[in-house]
Protein chains: 2
Amino acid sequence: MSRQAPKDSHSTPTASRAVTARLVRNILEGVYGAGSRLPTERELAEQFNVSRHVVREALKRLEALGLVRIVQGSGVYAQDVLLTGGLELFEYLLFGERNDVNQRILDEFLAFWALFVPDVLRLAARHRTREQVQDLREALRERAAALEDLPCLTQVHLRMLRTVAQAAHNTVYQLIFNNAGRVMARLRAAVPLARFSPIITQEELAHLVAAIEQQDEELAALLAQRLTERARASVASFVQFLLQSGSELLTPAHEG
Amino acid sequence: MSRQAPKDSHSTPTASRAVTARLVRNILEGVYGAGSRLPTERELAEQFNVSRHVVREALKRLEALGLVRIVQGSGVYAQDVLLTGGLELFEYLLFGERNDVNQRILDEFLAFWALFVPDVLRLAARHRTREQVQDLREALRERAAALEDLPCLTQVHLRMLRTVAQAAHNTVYQLIFNNAGRVMARLRAAVPLARFSPIITQEELAHLVAAIEQQDEELAALLAQRLTERARASVASFVQFLLQSGSELLTPAHEG
DNA sequence: AACGGTATATTGGTACAACCATCGCGCGGC
DNA sequence: GCCGCGCGATGGTTGTACCAATATACCGTT
């Protein structure tokens, strides 16, 4: 029988993945200038003390990420991330090597989020099915039960948003949500945000769900805008607090 | 001397890339069900008549794209694209094997575009520098010169949008634009859209640039919304025409 | 009969070695 | 001065062997 269900086992740390991570950081931090040629595969292999195959597999991953261009007979060339990179790279840009957070990029992400979520809500209100409204109602009840358990609450929030993204019936937004949601999850995991609890009330969310049910696009978008703006302000003040307390979680914007 | 400037030479078609493409399509078309295990590396190697290393490199690329999860000792497992995939996969979803276009996904993309562009314009109006306004003015002049040359005009449009994305000073939107812009370029290359010419007038764009210069967020967003909605309607009617003429460029939404 | 641990087969990970295909640059001929 | 050939550098492919993690089957214990 064909094996099924690979569980959620963590990825085994392999040499290949380690080299990949090193190279990604090197590119993102400009060790290899945009457009310039990387060392040859053989040189990298020697440098990292691994076989050439390991380096090659790592480079293939970078190629798939759009970080390098590989051309036979010539070499491997670093790409300009901001000019050719895709959204999948954002996670790498926001989080540093030791899971620290780049402050400027964080601001930009929150600005994006504040525009993105209302758009999704608009589409969700337009295209939602009755089933999805039911799903949201159920998620709302789950939230009520989990109101005291912060980590769990975050999970519930993200699942609600996923449902909304599905209700939007738009592949693009769903994919963007997959990217952004991963970032969100990592953010809340990385930051001890115990002081975030009472930002959003159960009534507000119920109001929002009702707007979706009645397909009131404008109202749904407006409510979402208010909530995201408030969350944004809250995170900003929290960041302020972190900076004053000298936390190492945040790295100032170091530009090139 | 270290070699520089790798030119724009097209990627050499290699066995590794071919296998990658095959596997990507297989996953996206559900040949391997979401969550199920793919054939072993050795089996795939035999199946495609290549060495195991080639298969491995292809699989690394899929892994980087988020299409599969690889776990040593167990196997390679297909992921559910809509649940875990990132925006970089959209291009693969929209375009089929022979550069045909999935109609439903196209609709969704246009809906996204109509919401995305105004958001970017809003941020651009908020954060633009004087230099970037100058860049836009210059691009506008270039556009005037290229008004008759349709392919060239498309290029100019995308470059203007890139400038706007940069003016937004937001990494997220810039990365999303990189994804979406690639799709846009491919769309216009794939579709013979000679009848698209007179959609947007020079005056309208000038108006938009002025709004950016004066940092009138609402006006910029509003104008952008009008333009994108018009473009959307135009494309829709064009698709209608294609369907009636029995073009093979479009594939009806074939769902699973 | 139910449970747990060990042996074994399966499968991905790494290594070394050799050779092919393509590209770029320089040398030499025209 | 320009063109073309060829050589060296570099990525692409193959083969084999072995290592490491995982999954399964088997067997003994309880």
Side-chain angles (χ1 to χ4, degrees), chain A residues 1-23 27 32 35-79, chain B residues 1-23 27 32 35-79:
Chain A
M1 293 298 97
S2 65
R3 265 178 261 191
Q4 285 285 103
K7 299 180 178 180
D8 48 36
S9 63
H10 319 92
S11 295
T12 307
T14 71
S16 165
R17 289 192 228 268
V19 171
T20 303
R22 277 290 293 279
L23 289 176
I27 301 252
Y32 315 121
S36 72
R37 208 190 66 172
L38 274 63
T40 69
E41 295 179 347
R42 290 164 173 93
E43 285 171 346
L44 288 172
E46 187 182 11
Q47 179 178 332
F48 292 132
N49 268 306
V50 293
S51 97
R52 199 178 145 213
H53 287 303
V54 173
V55 172
R56 282 179 58 81
E57 292 180 5
L59 287 175
K60 300 309 177 197
R61 278 188 269 236
L62 294 211
E63 185 192 37
L65 286 174
L67 282 174
V68 299
R69 239 187 37 183
I70 305 178
V71 19
Q72 179 179 169
S74 177
V76 181
Y77 297 88
Q79 297 276 67
Chain B
M1 293 290 99
S2 64
R3 261 179 262 191
Q4 286 285 102
K7 299 182 179 179
D8 49 34
S9 63
H10 317 93
S11 296
T12 308
T14 70
S16 166
R17 288 192 229 269
V19 171
T20 303
R22 278 289 293 278
L23 289 175
I27 301 249
Y32 315 122
S36 71
R37 209 190 67 172
L38 274 63
T40 68
E41 295 178 348
R42 292 168 173 91
E43 285 172 347
L44 288 172
E46 188 182 8
Q47 181 178 331
F48 292 134
N49 270 306
V50 292
S51 91
R52 198 178 144 216
H53 289 303
V54 172
V55 172
R56 283 178 58 80
E57 291 179 6
L59 288 175
K60 300 310 177 197
R61 277 189 270 236
L62 294 211
E63 186 191 35
L65 287 174
L67 282 175
V68 299
R69 235 183 33 160
I70 305 177
V71 21
Q72 179 179 171
S74 177
V76 181
Y77 298 86
Q79 297 275 67

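Being a predicted model, the structure only gives us computed values, none of them experimental. Residue numbers begin at 1 in each chain, while the letters A, B, ... track the order of the sequences.
Protein atom CD1 of B:Ile70 is 16 Å distant from nucleotide atom P of D:dA21, rounded to whole Å. Rounded to whole Å, atom C1' of C:dT11 lies 12 Å from atom CG of B:Leu44. Rounded to an integer number of Å, the gap from CD of A:Glu46 to C1' of C:dA15 is 15 Å. Note: CZ (A:Arg69) to C1' (D:dT10) measures 15 Å, nearest angstrom. A:Arg56 has its CZ atom 15 Å from the C1' atom of C:dT14, to the nearest Å. Following rounding to the nearest Å, B:Leu38 (CG) and C:dG12 (P) show an atom-to-atom distance of 9 Å. B:Tyr77 places its OH atom 9 Å from the P atom of C:dG12, with the value rounded to the nearest Å. Distance A:Glu41 CD to C:dA21 C1': 14 Å, rounded to the nearest Å.
None of B:Asn49, B:Val50, B:Leu44 except one satisfies the side chain to side chain contact (heavy atoms under 4.5 Å, CB included) rule with B:Gln47; the exception is B:Leu44. Of the candidates B:Val76, B:Leu59, B:Ile27, B:Ile27 is the only one forming a side chain to side chain contact (heavy atoms under 4.5 Å, CB included) with B:Leu67.
With sequence neighbours excluded, the residues that form a side-chain contact (heavy atoms from CB on, under 4.5 Å) with A:Glu43 are A:Pro39, A:Thr40. With sequence neighbours excluded, the residues satisfying salt bridge (Lys or Arg N to Asp or Glu O under 4.0 Å) with A:Arg52 are A:Glu41. Under the salt bridge (Lys or Arg N to Asp or Glu O under 4.0 Å) criterion, A:Arg22 pairs with no residue at all, not counting sequence neighbours. Listed by chain and number, the residues in a side-chain contact (heavy atoms from CB on, under 4.5 Å) with A:Gln79 are A:Arg69, A:Thr84 (sequence neighbours excluded).
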Short N/O separations, protein against nucleotides 16-18 of chain C, under 3.5 angstrom:
unit_1	atom_1	unit_2	atom_2	d
C:dC16	N4	A:His53	NE2	2.7
C:dA17	N6	A:His53	NE2	3.4

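A:Leu59 comes within 4.0 angstrom of nothing in the nucleic acid, heavy atoms only.
Residues B:Lys60 and B:Ile70 are in side-chain contact: their nearest non-hydrogen atoms beyond the backbone lie under 4.5 Å apart.
Of the residues near DNA chain C, B:Pro13 and A:Val54, the one whose nearest nucleotide (by heavy atom distance) lies more toward the 5' end is A:Val54. Sequence order on DNA chain D of the closest nucleotides to B:Asn49 and A:Thr40 puts A:Thr40 first from the 5' end.
At C:dG13, one or more side-chain N or O atoms of B:Lys60 fall inside 4.0 Å of OP1 or OP2 (strictly under the cut-off).
Comparing D:dT22, C:dG13, D:dG11 against the side chain of A:Gln72 picks out D:dG11 as the nearest.
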